[in-house]
Amino acid sequence: MPSRELFVTNLYEAEFSDERLLGDLARSIRALATDDEAGKNWSKEHRYSGYTSYASLNDLPRRDPVIADLSKLLTRHAATFAQELGWDRKPKLDSLWVNLLKAGGHHSGHIHPHSVLSGTFYVEVPKGSGAIRFEDPRLPMMMAAPPRADAFVIVDPRSGMLLMWESWLRHEVLAGAGKGERLSISFNFA
């Protein structure tokens with residue numbers, strides 16, 4: 001009897017090619033990075049290479065109409081992904097934050113507790129920007145198993161790319177060698 005797969009981990013991917021939306025989101029992210037003093041201070045205190053509104057602003061869809069429009073698109077995609085996962089409920093957008101990551105910046109491995117789906121929408125991605133790397137969720141349980149070549153999956157982001165995954169999936173942003181600022185919007189659904 002042939003082997004079969006158990007407990008497959010899904011990664012949802014979609015593409016938004018609306019240049020106007022991408023341009024408006026880029027302007028919004030840069031304006032927030034200039035005006036949000038609390039976010040700038042948090043980013044500096046936590047050695048975030050650039051700016052994030054993660055710990056400073058929890059009402060971006062109410063503050064900015066273009067982020068509100070993106071929130072509606074994300075909600076539709078989250079519902080589609082939840083259906084693909086076989087869930088019997090639609091996830092609700094719980095939090096959303098913007099990121100401006102400078103060249104060479106990275107974000108260490110982490111999960112998103114208290115959420116069911118998490119993801120990132122990439123607004124501007126200069127050539128050579130760091131990739132996102134996902135860790136096989138079985139890795140901490142492998143005990144004496146031999147090393148696996150597929151313990152990590154790397155995805156190179158591009159402008160307009162939406163990635164979504166179950167929030168327990170450990171991931172990180174690798175340092176890039178490119179020049180320029182990578183703009184993205186990350187989010188959690190509960």
Can you find a heavy atom in the side chain of [X] that is under 4.5 Å from one in the side chain of [Y]?
X      : Y      : result
Tyr54  : Asn99  : no
Thr80  : Arg76  : no
Val153 : Thr9   : no
Arg27  : Asp24  : yes
Glu181 : Pro126 : no
Leu85  : Leu117 : yes

**Study point:** Ring centers of His171, His112 separated by less than 6.0 Å
**Key:**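 Between His112 and His171, which both carry aromatic rings, the centre distance is below 6.0 Å.
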Practice item. Answer yes if the ring centres of Phe121 and His77 are under 6.0 angstrom apart, and no otherwise. Key: no
Which atom pair, heavy atoms only, marks the closest approach of [X] to [Y]?
X      : Y      : value
Ser71  : Leu96  : OG-CD1, 3.6 Å
Thr120 : Ser184 : CG2-CB, 3.7 Å
Phe187 : Leu162 : CZ-CD1, 3.6 Å
Val123 : Ala26  : CG1-N, 3.7 Å
Ala68  : Pro61  : CB-O, 3.2 Å
Pro157 : Val125 : O-CG1, 3.5 Å

Flag, side chain of [X] to backbone of [Y], donor-acceptor distance under 3.5 Å:
X      : Y      : result
Ser43  : Tyr48  : no
Arg133 : Leu174 : no
Lys40  : Tyr51  : no

Exercise for review: Output, in order, the C-alpha distance, side-chain angles, deciding distance and verdict of side chain to side chain donor-acceptor pair (under 3.5 Å) for Asp36 and Ser53.
Suggested key: CA-CA 8 Å; Asp36 177 17; Ser53 67; 5.5 Å; no
Report whether [X] and [Y] are members of the same hydrophobic cluster (ILVMFWY, side-chain heavy atoms less than 4.5 Å apart, transitive linking).
X      : Y      : value
Val155 : Leu169 : yes
Val98  : Val173 : no
Trp97  : Leu21  : no
Leu101 : Leu25  : no
Leu100 : Tyr122 : no

How long is the gap from [atom1] on [X] to [atom2] on [Y], to the nearest 0.5 Å?
X      : Y      : atom1 : atom2 : result
Leu70  : Ile185 : CG    : CD1   : 5.0 Å
Lys90  : Gln83  : NZ    : CD    : 8.5 Å
Glu166 : Ser115 : CD    : OG    : 12.0 Å
Thr52  : Trp42  : OG1   : CH2   : 6.0 Å
Glu124 : Arg30  : CD    : CZ    : 4.5 Å

Practice item. With Phe134 as reference, evaluate Phe152, Trp168, Trp165 under the ring pair (Phe, Tyr, Trp, His ring centres under 6.0 Å) test and give the passing residue. Key: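 Passing option: Trp165.
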Check your understanding: Asp59: what forms a side-chain contact (heavy atoms from CB on, under 4.5 Å) with it, not counting sequence neighbours?
Key -> Leu57, Arg62, Arg63
Practice item. Sequence neighbours left out, what passes side-chain contact (heavy atoms from CB on, under 4.5 Å) with Arg158? Give chain and number order. Key: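 Only Glu13, Glu15, Met161 meet the side-chain contact (heavy atoms from CB on, under 4.5 Å) criterion with Arg158.
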Review point. Run the side chain to side chain donor-acceptor pair (under 3.5 Å) check on Ser167 and Asn188 step by step: do they pass?
Key: CA-CA 8 Å; Ser167 301; Asn188 290 319; 4.6 Å; no
Point to revise | Audit row: Ile111, Arg170, side-chain contact (heavy atoms from CB on, under 4.5 Å) steps and yes/no | key: CA-CA 5 Å; Ile111 60 171; Arg170 188 172 166 84; 3.9 Å; yes
Point to revise | Parallel, tilted or perpendicular, as decided by the 30° and 60° cut-offs, for the rings of Phe81 and Tyr12 | key: tilted
Point to revise | Derivation of the side-chain contact (heavy atoms from CB on, under 4.5 Å) call for Leu93 and Phe189 | key: CA-CA 4 Å; Leu93 185 63; Phe189 282 82; 3.7 Å; yes
Check your understanding: Do other residues, nucleotides or ligands put more than 12 heavy atoms under 6.0 Å from His110 NE2?
Key -> yes
Exercise for review: Using the side-chain contact (heavy atoms from CB on, under 4.5 Å) rule, take Thr75 and Lys72 through it: C-alpha gap first, then chi angles, then the decisive distance, then the call.
Suggested key: CA-CA 5 Å; Thr75 299; Lys72 292 173 189 168; 5.7 Å; no
Practice item. Inspect the contact between Asp150 and Arg148 and indicate whether a charged nitrogen and a carboxylate oxygen are less than 4.0 angstrom apart. Key: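 Looking at Arg148 and Asp150, the cut-off is met.
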